[in-house]
Colleague: 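Submitted below is the structure of interest, expressed as structure tokens.
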Amino acid sequence: MPRLAVYALVVCLLAVAAAVVSFAEGSVLIGVVWILLAGLSSNMTWYYVRRGRTGN
């Protein structure tokens with residue numbers, strides 16, 4: 001797995017954890033922002049994984 005994919009995966013996992021904490025504390029708006037960041041970093045992870053497989 002390419003290094004950038006690993007970094008994006010770590011960011012995704014941390015964003016999901018932050019979203020869970022935000023929702024548990026009652027901050028819905030901040031939780032939604034964390035969920036959006038998790039979705040973005042998840043897409044980046046898949047992009048870098050596929051880019052690494054094709055060799056570009």
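Keep in mind that this is a model prediction, so the values were computed, not measured.
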Colleague: Of Tyr47, Trp46, Tyr48, which is the lone residue that meets side chain to side chain contact (heavy atoms under 4.5 Å, CB included) with Arg50?
Modeller: Trp46

Colleague: Check whether Ser42 reaches the backbone of Ala38 with its side chain - one donor and one acceptor, N or O, closer than 3.5 Å.
Modeller: no

Colleague: Return the minimal non-hydrogen interatomic distance between Leu9 and Thr45, and the atom names on each side.
Modeller: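 Answer, listing the atom of Leu9 first, then Thr45: N-OG1, 3.2 Å.
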
Colleague: Treat each ILVMFWY residue as a node, draw an edge where side-chain heavy atoms are under 4.5 Å apart, and state whether Phe23 and Leu36 are in one component.
Modeller: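 Linked, Phe23 and Leu36 end up in one cluster.
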
Colleague: Is there a path of hydrophobic side-chain contacts, each under 4.5 Å between heavy atoms of I, L, V, M, F, W or Y residues, that connects Val28 with Ile35?
Modeller: yes

Colleague: Taking the side chain as everything from C-beta on, heavy atoms only, tell me whether Val10 gets closer than 4.5 Å to Tyr7.
Modeller: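 Side chain of Val10 against side chain of Tyr7, heavy atoms only: no contact under 4.5 Å found.
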
Colleague: State the CD-CD1 distance between Glu25 and Ile30, to the nearest 0.5 angstrom.
Modeller: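 Reported to 0.5 Å precision, the distance equals 9.0 Å.
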
